[in-house]
Novice: 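Dropping the structure in here first, questions after.
The structure presented is a predicted model; accordingly, all values stated were derived computationally and were not measured.
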Amino acid sequence: MLSPFSALWCFLPPSKPEEREVGESQGALHAMGDPLRLVPVPRMLFLDAAELLGQQEGCRAGTLQRRHPAACWLCCWCCQLPVPQEAAVGESILSPPPGKPSTDHSLLHPTGNAQAQVWPHSPAMLLLPLLLEATLLRLASGSHHPFYNGFYYNHVMNDKGNGQEKDVYFNGARLVVETPKDPIYSSNGANVTLPCHYHYEPYQEAKRKIRIKWSKLRDDYTKEQDVLVAIGKTHMAFGDFKGRAHLHQASQREASLVISDVHLQDEGKYRCEVIDGLEDESDVVDLQLQGIVFPYQPPRGQYSLNYHEAERVCQEQGAILATFNQLFQAWSEGLDWCNAGWLADGTVQYPIRLPRKPCGGLHLAPGIRSYGPRHRHLHRFDAFCFSSALRGEVFYLDHPAGMTLEEAKQSCQDAGAEIARVGHLYSAWKFLGLDRCDAGWLADGSVRYPIAKPRPNCGPAEPGVRSFGFPSKGRFGVFCYKER
């Protein structure tokens with residue numbers, strides 16, 4: 001749809017009429033004339049731009065003036081063609097009132113062609129000069145805002161941060177940004193630095209302050225989450241990174257990002273982008289958290305979670321939905337699970353170390369079996385959750401007669417702690433070597449126990465977290481969790 005404020009530009013004709021051309025690529029009637037003599041024509045009057053741009057003789061042929069007489073008049077006036085008689089008389093918005101037509105030559109076509117008679121009191125003819133003047137005034141008074149590139153630089157465009165534009169130039173040197181090629185490892189609750197440095201080839205000193213932007217990428221690079229932008233000592237962090245992200249600039253060419261109190265959701269790829277005037281270079285850092293993937297089924301049983309419920313139950317257990325990379329790492333470390341579960345990207349997969357008939361068949365090699373993307377509302381599976389290192393400790397409480405679930409929760413509170421979640425127990429087993437051959441309650445109503453050193457009467461021959469499911473009755477000990 002054509003905007004009522006957009007303008008169709010054309011040049012006044014040159015001295016040689018045969019040099020006139022129609023420039024369709026510019027979407028405007030174009031004559032190769034004096035570029036200083038531009039005439040704006042409101043495009044809202046040209047209801048059929050294709051005809052207008054097709055041939056300048058459209059007005060003469062009578063096809064345009066019958067459909068859009070105002071457009072025809074402006075077309076002819078702009079290109080200094082004689083206004084067809086049909087454009088000045090007839091049943092149209094240019095039709096004269098009853099009576100004798102005016103012969104006032106001040107209202108004739110700009111060429112002075114006496115054949116192009118128009119009616120001085122026609123509403124359209126009174127409106128056209130106003131429209132032309134309004135378009136010119138709007139173009140002349142249009143405000144020019146600072147360049148905005150989506151990086152929140154519009155209010156810190158220069159060193160003074162007052163939004164005034166500065167001259168930019170190419171300095172003849174190539175800007176190079178470098179980050180580590182190997183992943184940076186961290187854990188939940190820790191502080192981590194993502195290194196990033198830049199320099200110029202050939203070497204030179206920076207002439208002005210550099211703009212730096214950090215963003216978090218999806219695995220497929222299709223979307224970015226703003227983390228931090230900075231110019232000089234002025235910086236701004238966004239979203240969940242507010243108060244946790246800042247720059248580390250120990251050297252002159254450093255743009256490293258520091259993230260404090262690392263969250264489980266912080267794992268992923270980060271782009272370090274350096275902008276020097278019109279030059280813009282970037283590189284990517286991969287942040288990986290040391291953690292553990294565990295399969296999870298809720299009390300109501302197998303394959304009962306849609307994607308959004310799987311997200312929620314993982315969070316309730318002190319974890320998040322695992323990514324494919326996290327599941328692959330867990331598989332490489334020995335995870336074998338024959339139930340399909342949701343991953344963070346909306347796919348459903350499961351890891352198999354020992355091929356067997358119920359788990360894809362004997363003929364398939366070990367690996368990650370995939371159902372591909374599933375409907376996030378309709379389809380139901382289990383969940384693969386990811387938990388990292390703990391900020392506290394997990395300990396076991398017992399009672400000679402055992403405890404119900406409610407008694408177990410109260411016992412942990414009396415000890416200044418809370419009943420442990422499934423993610424807490426897996427993390428304590430993985431990173432702290434928790435080993436207890438006594439079953440205990442957890443926050444979700446399940447009963448489990450961790451074995452780091454397999455032995456008789458403590459389950460299978462390999463290490464792991466054993467589960468008794470969700471007993472409705474029974475008395476057990478309890479695993480509690482306490483923050484440091």
Side-chain angles (χ1 to χ4, degrees), residues 148-159 161 174-201 205-206 208-291 320 322-323 325-326 329 344-345 386-389 391:
Y148 174 67
N149 58 5
F151 299 160
Y152 301 92
Y153 290 140
N154 55 325
H155 60 293
V156 284
M157 283 298 296
N158 57 22
D159 296 347
R174 185 170 73 93
L175 177 63
V176 179
V177 177
E178 296 177 330
T179 60
K181 302 309 176 186
D182 296 328
I184 304 298
Y185 292 93
S186 186
S187 59
N188 189 34
N191 298 334
V192 65
T193 299
L194 305 183
C196 179
H197 296 80
Y198 63 94
H199 64 274
Y200 296 91
E201 295 179 357
E205 292 291 336
R208 54 191 177 275
K209 292 181 180 179
I210 301 300
R211 304 175 186 178
I212 298 170
K213 181 193 180 209
W214 279 91
S215 54
K216 188 172 185 290
L217 310 178
R218 285 177 46 162
D219 289 340
D220 57 4
Y221 292 81
T222 58
K223 190 176 183 180
E224 298 187 2
Q225 174 188 359
D226 292 327
V227 175
L228 177 142
V229 293
I231 300 179
K233 295 182 180 180
T234 303
H235 75 274
M236 181 184 300
F238 304 97
D240 187 49
F241 292 95
K242 285 184 177 179
R244 298 195 300 122
H246 65 276
L247 287 183
H248 183 267
Q249 295 176 302
S251 63
Q252 188 177 7
R253 297 289 186 268
E254 185 175 9
S256 301
L257 176 69
V258 177
I259 303 176
S260 59
D261 187 20
V262 172
H263 296 176
L264 294 175
Q265 294 86 348
D266 292 345
E267 178 169 297
K269 295 180 175 63
Y270 290 77
R271 184 193 303 279
C272 173
E273 188 172 5
V274 179
I275 302 100
D276 180 7
L278 296 178
E279 298 179 75
D280 184 345
E281 294 295 333
S282 65
D283 206 351
V284 175
V285 186
D286 187 9
L287 172 61
Q288 295 186 13
L289 299 188
Q290 297 173 330
I320 60 174
T323 65
N325 290 337
Q326 292 166 348
Q329 179 65 30
D345 60 359
F386 174 81
S387 181
S388 185
R391 307 182 188 188

Novice: Working to the nearest 0.5 Å, report the span between CD1 of Ile210 and CD of Glu279.
Specialist: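 One gets 8.5 Å once the value is rounded to the nearest 0.5 Å.
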Novice: Ignoring hydrogens, what is the shortest heavy-atom contact between Ser251 and His197? Give both atom names and the distance.
Specialist: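 It is OG-CD2, 4.1 Å.
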Novice: Does any donor atom in the side chain of Ser388 or Asn188 lie under 3.5 Å from an acceptor atom in the other side chain?
Specialist: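 Side chains of Ser388 and Asn188: no pair found under 3.5 Å.
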Novice: Has the side chain of Glu267 got a donor or acceptor atom that lies under 3.5 Å from a matching backbone atom of Leu289?
Specialist: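 Yes, Glu267 side chain to Leu289 backbone: donor-acceptor pair under 3.5 Å.
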Novice: Is there side-chain contact between Tyr270 and Thr179, with at least one heavy-atom pair below 4.5 Å?
Specialist: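 A side-chain contact is absent here, since even the closest heavy-atom pair is not under 4.5 Å.
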Novice: Show, in sequence, the C-alpha distance, side-chain angles and deciding distance for Leu175 and Tyr200, and conclude whether the side chain to side chain contact (heavy atoms under 4.5 Å, CB included) test is met.
Specialist: CA-CA 5 Å; Leu175 177 63; Tyr200 296 91; 3.9 Å; yes
Novice: Determine whether Gln225 and Gln265 make a side-chain contact, defined as any pair of heavy atoms from C-beta on separated by less than 4.5 Å.
Specialist: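 With C-beta onward as the side chain, the pair stays apart.
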Novice: Taking C-beta and beyond as the side chain, do Cys272 and Leu257 meet within less than 4.5 Å on heavy atoms?
Specialist: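 No, side chains not in contact.
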Novice: Just wondering, do His263 and Asp240 contact through their side chains at under 4.5 Å, heavy atoms?
Specialist: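 Answer yes - side chains close enough.
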Novice: Hey, could you give me the NE2/OG distance between His246 and Ser260, rounded to the nearest 0.5 Å?
Specialist: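 With rounding to 0.5 Å, NE2 (His246) is 7.0 Å from OG (Ser260).
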Novice: Checking the side chain of Trp214 only, and the main-chain atoms of Ala255 only, is there a donor and an acceptor separated by less than 3.5 Å?
Specialist: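 Yes, because the side chain of Trp214 sits within donor-acceptor range (under 3.5 Å) of the backbone of Ala255.
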Novice: Which atom pair, heavy atoms only, marks the closest approach of Arg391 to Gly189?
Specialist: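 Looking at all heavy atoms of both residues, the closest pair is NE-CA, 3.5 Å.
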Novice: Once disulfide (SG to SG under 2.5 Å) is applied, what residue pairs with a partner in residues 225-270 remain, sequence neighbours excluded?
Specialist: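 Residue pairs with at least one partner in residues 225-270: there are none.
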Novice: Using atom types as modelled and distance alone, determine if a side-chain donor or acceptor of Ser256 lies under 3.5 Å from a backbone N or O of Cys196.
Specialist: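 Side chain of Ser256 to backbone of Cys196: a pair is present.
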Novice: Please find the pair of heavy atoms, one from Ser387 and one from Leu264, that lie closest to each other, and give the distance.
Specialist: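 Closest heavy-atom pair between Ser387 and Leu264: C-CD2, 4.3 Å.
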Novice: If you look at every heavy atom in Ser186 and Leu287, which pair is closest and at what distance?
Specialist: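 In terms of heavy atoms, the two residues are closest at CB-CD1, 4.1 Å.
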Novice: Nearest 0.5 Å, please: how far is CD1 in Ile320 from CD in Gln326?
Specialist: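 It is 6.0 Å, given to the nearest 0.5 Å.
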Novice: Of the non-hydrogen atoms in Pro195 and Val285, which two are nearest, and what is the gap between them?
Specialist: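 It is O-CG2, 3.7 Å.
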Novice: Is there side-chain contact between Glu281 and Arg174, with heavy atoms separated by less than 4.5 Å?
Specialist: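 Not in contact.
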Novice: Is the closest side-chain heavy-atom distance between Ile212 and Gln249 below 4.5 Å?
Specialist: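 Touching, per the 4.5 Å side-chain cut-off.
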Novice: What pair of heavy atoms forms the shortest contact from Ala250 to Glu254, and how long is it?
Specialist: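 Looking at all heavy atoms of both residues, the shortest contact is N-OE1, 2.8 Å.
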Novice: At what distance, to the nearest 0.5 angstrom, does CG of Asp286 lie from CG of Leu194?
Specialist: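 So the gap between those two atoms works out to 9.5 Å.
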Novice: Check whether the side chains of Asp276 and Tyr198 place a donor and an acceptor atom closer than 3.5 Å, and report yes or no.
Specialist: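 No, because no side-chain N or O of Asp276 sits under 3.5 Å from a partner of the opposite role on Tyr198.
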Novice: Answer yes when Arg211 and Asp280 have at least one side-chain N-carboxylate O distance shorter than 4.0 Å, and no when they do not.
Specialist: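 Answer for the salt bridge query: no.
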Novice: Counting distance only, does the side-chain N/O of Ser187 pair as donor-acceptor with the main-chain N or O of Ala190 below 3.5 Å?
Specialist: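 Checked: no pair found.
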Novice: Keeping Asn191 on the side-chain end and Asp261 on the backbone end, is there a donor-acceptor pair under 3.5 Å?
Specialist: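 Yes, because the side chain of Asn191 sits within donor-acceptor range (under 3.5 Å) of the backbone of Asp261.
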Novice: So, taking the atom named CZ in Phe241 and the one named CG in Leu228, what distance separates them when rounded to the nearest 0.5 Å?
Specialist: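 Answer for the CZ-CG pair, Phe241 versus Leu228, is 10.0 Å.
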Novice: Yes or no on salt bridge (Lys or Arg N to Asp or Glu O under 4.0 Å) for Asp266 and Lys216, after CA distance, side-chain angles and deciding distance?
Specialist: CA-CA 9 Å; Asp266 292 345; Lys216 188 172 185 290; over 6 Å; no
Novice: Mind checking the CG-CG spacing from Asn325 to Asp345? Nearest 0.5 Å is all I need.
Specialist: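 Answer rounded to 0.5 Å: 9.5 Å.
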